[in-house]
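The next block holds one structure in the form of C-alpha cells; read it before the comments.
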Amino acid sequence: MTIKMVVLSGGSGTRLWPASRESYPKQLLPLTSAYSLLQETVVRLKGFSGGEVDAQPLIVSNEEYRFIIAEQLRQVGVRSAQIVLEPVGRNTAPALTLAALAAAQDGQDPVLLVMPADHVIVDLPAFQQAIAEGAAQAGAGRLVTFGIVPDRAETGYGYIRVGPLAGDARTARVLAEFVEKPDAATAARYVASGEYFWNSGIFMMKASVWLAAVKHFRADIAQACDMAFEGRQVDADFLRVDKAAFAACPSDSIDYAVMEKLQSAPALGQGVVVPLSAGWSDVGAWDALWAVSDKDEDGNAGRGEVLFQSSRNTLVHANNRLVAAVGCEDMVVVETADAVMVAHKSRTQDVKKVVERLKAEGRTLTQSHRKVYRPWGWYDSIDSGERFQVKRIVVNPGATLSLQMHHHRAEHWIVVKGTAEVTNGERVFLLGENESTYIPLGHTHRLANPGKVPLEIIEVQSGSYLGEDDIVRFEDTYGRVGK
C-alpha cells in the first residue's frame, strides 16, 4: 500500500489580511516557522513509519500560484511534485477528483492523503500515528476523515458525530453524520457528549474508491472532471486540464458531495472517523494563529522585529520594521510594507469586512503585496509618483524575463549586484555592478541572469502610464506570450 499526499492549495485567506493577499494567499506565507504553510504540509510525513509514502506529492492549485508553489517545493527538497492546475475554482470535490484521476492514470491505486495546504499541525508524531490508523482503514476500502478532538465549545467549526469503533479498529469510529457550525449552547452539549469532533477537512481513501463514490453521488462532477482530464496538457511539472470542460463542472465540497451521503450506499465503502489530537488549527484568523504560536511568559507571540512592553496575550507580526507593543492586551498587530492592521483578538473575524470595503473601493491592497513574486524572481515597488516608478528587481540565477516592449514608458536599469544580460533593441550585452542602461519607449528588451548568484537591479520607469498591463510579450519561457 502506497500513500500519496494530495495537497489542496486553493483559498485566499481574507481574514489573515494584510499578510494574505489574493496573489499570495496564506498557504504561501511563513506564519509559524521559516517554512510556509504549504511547505510545512508537504514535509508532514517525513520519517513516517506507518507505510510507504510516494515521494512525489500531488498539488492542486490555480494557475496564478504555479511558479511560487514550484519554487517553494524546491526549497524543501521536493523536486518531482505533480502540480495540477485548476483553470477556475470549483471547491474541494472536483479538486480531489482531478487528483484521483492523476494518481490513477498509470494503473496505480494509491491511498490518497488529502490535506488542505493552509493548516497547522503542532504534534507531528501524534499526527503520523493517526495517519497510520487512517491508512489501514483506507486500505480496507473505507473513506476516512479525521475528527479533531475538541478542547473547547467552538462555534466556528463544523462538527462530526461518531458512532462505535469501526470493526476491529484501534481508534477509528463509524461516521454517523456531519453537522453545521452550532451556537454556543449546542457546541457545549456536543463537547460534553464525547460523540462529536471538529471537522478537520483531512481525508484518506483509495483513488478508485473516491472515483467510484463521486461517480455514484455526483455523476455530473465526475463526468465534467473526466472530460477536463482527458483534455489535459503537460507543461514541465504542471498538468493543465481543459478549461472549458472544468469551467462547466459544478462546485461542491468533499463533505457535501460524498462523505455526508455514504450511509445511503454502504457498498461504496464505509465512512469512518479517526480521532486526531495533534495541535491542529486551520489558522482561519489571527486569533487562531496566536493560539498555536510560541509565546513568552506573558502570553505574547511575536514574529519579526518585535518589542513587547507591559503587554499580555498579544500577537504582533512585523515584516519590514520594528514594531513596539506598549500596554497592549489581547491585541493583534500585523505590519507589512504597505498596510498595518490593528485589532482586538476577539474581533479578528471582522478583518474580512475590511477586505470587502477595500475591494468595494477598488483598492489593490487586497490583491497583491508591494513585493510581487514572478516565476523568474520578484520585484518590490519602492516608490512612485506622477509619471515615475522605482522598483527593486531580483532575478534568480539562470532565469530570464520575457522579450517585451512597452507603449507608454521608458526604463532605466542600474545593476546593484550580479551580472545582467541585457537585450536592448538589436543589441545584446552584459552589465556588471554599478553599470546601467536606458530602454527607450517602444524598444524591444529583455533582462536575464546568466550568473550563479541572484541579480539585483534598480529600475526607474518614466512615462504617461506605468501599469503592469503595459507589456507586450514576444517570447517567454513561462508561456505568457502576448500578455
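Treat the numbers as computed from the prediction; the structure is a model and nothing was measured.
- Taking the charged nitrogens against the carboxylate oxygens, Glu335 and Arg321 do have a contact shorter than 4.0 Å, which makes a salt bridge.
- In terms of the side chain to side chain donor-acceptor pair (under 3.5 Å) criterion, residue partners of His344 (sequence neighbours excluded) are, by chain and number, Ser346.
- For Asp282 against Tyr157, the heavy-atom pair with the smallest separation is OD1-OH, 3.3 Å.
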Pair Leu29-Leu37, side chain to side chain contact (heavy atoms under 4.5 Å, CB included): steps then yes or no: CA-CA 6 Å; Leu29 296 171; Leu37 297 183; 6.0 Å; no
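- Between Tyr159 and Phe197, every side-chain heavy-atom pair lies at or beyond the 4.5 Å cut-off.
- Shown here are the side-chain contact (heavy atoms from CB on, under 4.5 Å) partners of Ser36, two or more places apart in sequence or in another chain: Leu38, Gln39, Gln72.
- Other residues, nucleotides and ligands contribute only 12 or fewer heavy atoms inside 6.0 Å of the NZ atom of Lys215.
- Side-chain atoms of Ile131 and Met204, non-hydrogen and from C-beta on, do get closer than 4.5 Å to each other.
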Derivation and outcome, side chain to side chain contact (heavy atoms under 4.5 Å, CB included), residues Asn396 and Asn449: CA-CA 7 Å; Asn396 296 328; Asn449 180 2; 5.8 Å; no
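- Within the 4.5 Å cutoff, the side chain of Ile3 has no heavy atoms near those of the Glu52 side chain.
- At most 12 non-hydrogen atoms from other residues, nucleotides or ligands lie less than 6.0 angstrom from OH of Tyr256.
- Every residue two or more places apart in sequence or in another chain was checked for a ring-ring contact (aromatic ring centres under 6.0 Å, His included) with Phe146, and none qualifies.
- In Glu468, the CD atom is crowded: over 12 heavy atoms of neighbouring residues, nucleotides or ligands sit closer than 6.0 Å.
- Partners of Phe238 according to the ring-ring contact (aromatic ring centres under 6.0 Å, His included) rule, which considers only residues two or more places apart in sequence or in another chain, are Phe67.
- Between Met205 and Leu96 there is a side-chain heavy-atom pair separated by less than 4.5 Å.
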With a cut-off of 3.5 Å and sequence neighbours excluded, list every side-chain donor-acceptor pair involving residues 270-280.
{"residue": "Gln270", "atom": "OE1", "partner": "Arg142", "partner atom": "NE", "Å": "3.2"}
{"residue": "Trp280", "atom": "NE1", "partner": "His119", "partner atom": "ND1", "Å": "3.1"}

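- The existence of a salt bridge linking Asp380 and Arg370 is confirmed by a sub-4.0 Å separation between a basic side-chain nitrogen and an acidic carboxylate oxygen.
- Applying the side chain to side chain donor-acceptor pair (under 3.5 Å) test to Arg79 and every residue at least two apart in sequence or in another chain returns nothing.
- Between Asp54 and Lys4, at least one side-chain nitrogen of the basic residue sits less than 4.0 Å from a carboxylate oxygen of the acidic one, meeting the salt-bridge criterion.
- Both tests pass for Lys345 against the ring of Trp290: distance under 6.0 Å to the centre and angle within 45° of the axis.
- Listed here is the closest heavy atom pair of Ala117 and Val7: CB-CG1, 3.5 Å.
- When side chains are defined from C-beta on, Ile160 counts as touching Leu175, because their heavy atoms get closer than 4.5 Å.
- Heavy atoms from other residues, nucleotides or ligands lying under 6.0 Å from CZ of Arg170 number more than 12.
- Heavy atoms only, all atoms of each residue included: Arg66 and Tyr478 are closest at NH2-O, 3.2 Å.
- Surrounding CG of Asp183 are more than 12 heavy atoms belonging to other residues, nucleotides or ligands, all under 6.0 Å away.
- The existence of a salt bridge linking Asp242 and Arg232 is excluded, since no basic side-chain nitrogen approaches an acidic carboxylate oxygen closer than 4.0 Å.
- Here the closest heavy-atom approach between residue Gly158 and residue Lys181 is recorded as N-CG, 3.8 Å.
- Residue Gln75 places its CD atom among more than 12 non-hydrogen atoms of other residues, nucleotides or ligands, all under 6.0 Å distant.
- Applying the salt bridge (Lys or Arg N to Asp or Glu O under 4.0 Å) test to every pair with at least one member in residues 283-298, sequence neighbours left out, gives no pairs at all.
- Considering all non-hydrogen atoms of both residues, Ala104 and Ala207 come closest at CB-CB, 4.4 Å.
- The salt bridge (Lys or Arg N to Asp or Glu O under 4.0 Å) check on Arg173 picks up nothing, with sequence neighbours excluded.
- Within a 6.0 Å sphere centred on OH of Tyr35, heavy atoms belonging to other residues, nucleotides or ligands number 12 at most.
- With respect to Lys26 and Asp118, a salt bridge is recorded, a charged nitrogen being found less than 4.0 Å from a carboxylate O.
- Other residues, nucleotides and ligands contribute at most 12 non-hydrogen atoms within 6.0 Å of the CE atom of Met227.
- Val258 pairs in a side-chain contact (heavy atoms from CB on, under 4.5 Å) with only one of the listed residues (Leu262, Ile254, Asp255), which is Leu262.
- For Val342 against Met331, the heavy-atom pair with the smallest separation is CG1-CE, 3.7 Å.
- Geometrically, Arg21 does not engage Tyr24 in a cation-pi contact defined by less than 6.0 Å to the ring centre and at most 45° from the axis.
- Listed by chain and number, the residues in a side-chain contact (heavy atoms from CB on, under 4.5 Å) with Arg303 are Pro30, His317 (sequence neighbours excluded).
- In this structure, the salt bridge (Lys or Arg N to Asp or Glu O under 4.0 Å) partners of Glu71, at least two apart in sequence or on a different chain, are Arg74.
- Residue pairs meeting the side-chain hydrogen bond (donor to acceptor under 3.5 Å, both in side chains) criterion with at least one partner in residues 86-107, sequence neighbours excluded, are Thr97-Trp210.
- Contact check for Val60 versus Ser9: no side-chain heavy atoms found under the 4.5 Å cut-off.
- Using a 4.0 Å cut-off between charged nitrogen and carboxylate oxygen, Arg240 and Asp235 count as a salt-bridge pair.
- Taking 4.5 Å as the limit, some side-chain heavy atom of Val209 sits within range of a side-chain heavy atom of Leu143.
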Would you mind writing out the side-chain donor-acceptor pairs for residues 352-360 within the sub-3.5 Å range, not counting sequence neighbours?
{"residue": "Lys359", "atom": "NZ", "partner": "Glu22", "partner atom": "OE2", "Å": "3.1"}

